[in-house]
Amino acid sequence: MKIDLMPHKAGFVSIIGKPNVGKSTLMNQLVGARISIITSKAQTTRHRIMGILSGDDFQIVYSDTPGMIKPAYKLQSNMMKFVNSSIEDADIVLLVSDLYDEYDEENVKKLSKISQPLILIINKIDLDKGGQTDSKIEYWKSILAKDPIAIIPVSALLGTGIDHVFNSILQNLPEHPPYFPKETLTDKPERFFVSEIIREKIFTNYKKEVPYSTEVVVTEFYEEEKIIRIRAEIFVERRSQKGIIIGKGGLALKKVGIEARKDLETFFGKQVHLETFVKIADDWRKKSQSLKGFGYSS
Ligand code: GDP
Ligand code: MG
C-alpha cells in the first residue's frame, strides 16, 4: 500500500518580461533539464506555449507566449499586453529581467497590479563585468511597490541558478491535483508542439471558420545535428477551405510556414526545415481522435 505523506502540488507559472531578456531560454532550462513535455492550452483564442514539468508529487505548468518570441517593434505596449493577458490564471509570476532592461513608470505601475506571488529573475549574470547584478537588484528594490517573494540571479544560458528558481517555485506552489495527466503526455512532445505552433499560425492568419475546420498532423520529425526536418499535413474539411488555406499563388500558406518556422527555430534553438501539405479529409476529427491514443494530443 502506498501512503501519501506529501500533498500533491500543482500550479501555473507565467513567465513575463521584456523581449530578449531570456524568458524562453529560462523556460527551456526549467522544463528541459528533467523529464518534460511541451504542450499548449487547447483553447482556441489564445495559444499559449506551455512547458509542463511533472514529478511524483508536483506538476508545474509554465507558460510563455510564442508571440513574444518575435522581436517586438513596440516593446513596451507588447510587454504590457503580455502581462495583462498571460497572468490571469497564474499561481506564480516569474518576472524575467536582465542586466540591461529598464522599466518606465507606467510599466512599473502595471507590474504593481500583479496580485500573485512574484519571483524576480535577474538573468545573464554570466555577462556581469562587476557589480552589475547587485546594482540591478538595488534598482528593482527601489522601483517595485511590493517585494518579490524571491530575487534570483541566474544565467539561463549556462544553467546557473536554475535549481534555486525551481525550488522557490515548488515552495510556493499551491496544493492541487495535477492539471494534466502525467503519463499520457510524455510521448513525442515535439510533434504535438509543432502541430500547435502551426495551428496557432492558422488561427492568426485566417478568418474564424477556417481554423476551426483545420487539424494539423506532423507526419515526420527528423532531428539532425544542425537541422530539424519536419513535414506537416494540414487537414481541412472542404475543397474551398483548401483553396483558402493555400491562398493566391500559395502565398497564404507560405506565410503560415514562415511564421511557424521562425517560432520553431527559436524554440528548438536550431534551424528548421518545414514542409506543409494541405489535404481534404472530412474525417479528420476521427483521425484527431486516434491521435490522442499516441499521446500527441491532450
Ligand atoms: P526572450 O525573448 O525573453 O524569450 O529571450 P530568449 O530566451 O529568446 O533569449 C534572447 C537572447 O538572449 C538569446 O540570444 C539567448 O541566447 C540570450 N540569452 C538568454 N539567456 C542568457 C544568459 O543567461 N546569458 C547570456 N549571455 N545570454 C542569454
Ligand atoms: Mg521568448
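All ligand and atom numbering here is 1-based and tracks the order in the structure. Just the heavy atoms: all of them, side chains too, but no hydrogens, waters or symmetry mates, feed the values below. Positions are given from 1, in the same order as the sequence printed here.
- Shortest non-hydrogen contact noted between T133 and P153 is CG2-CB, 3.8 Å.
- Close approach of ligand 1 to D126 is summarised as follows: ligand atoms under 4.0 Å from at least one heavy atom of the residue are 22 (C), 23 (O), 24 (N), 25 (C), 26 (N).
- A salt bridge links K270 with E223: at least one charged nitrogen is closer than 4.0 Å to a carboxylate oxygen.
- On a distance-only criterion, V21 and ligand 1 share at least one N/O pair closer than 3.5 Å.
- Residue L127 touches ligand 1 through its side chain alone, judged by heavy-atom distances below 4.0 Å.
- With F221 as the aromatic partner, R229 does not meet the cation-pi criteria of under 6.0 angstrom to the ring centre and within 45 degrees of the ring axis.
- The shortest heavy-atom contact between T214 and R199 is O-NH1, 3.8 Å.
- Which parts of ligand 1 touch K23 is read off a 4.0 Å heavy-atom cut-off, strictly below it: atoms 1 (P), 2 (O), 3 (O), 4 (O), 5 (O), 7 (O).
- Among the atoms of L158, none of the N or O lies under 3.5 angstrom from an N or O of ligand 1.
- Classification of E105 and K109 as a salt-bridged pair fails, no side-chain N sitting under 4.0 Å from a carboxylate O.
- With a heavy-atom cut-off of 4.0 Å, L157 touches ligand 1 through backbone and side chain alike.
- Remark: ligand 1 atoms within the under-4.0 Å shell around heavy atoms of K18 are 3 (O).
- Polar contact with ligand 1: absent for V154 (N/O pair, distance under 3.5 Å).
- Here N20 has heavy atoms under 4.0 Å from ligand 1 in both its backbone and its side chain.
- Ion pairing between K136 and E138 fails under the 4.0 Å rule for side-chain N and carboxylate O.
- Within the structure, the closest approach of M27 to ligand 1 does not fall below 4.0 Å when heavy atoms are considered.
- For the pair K18 and Y103, the cation sits on the ring face: its NZ or CZ lies under 6.0 Å from the ring centre, inside 45° of the axis.
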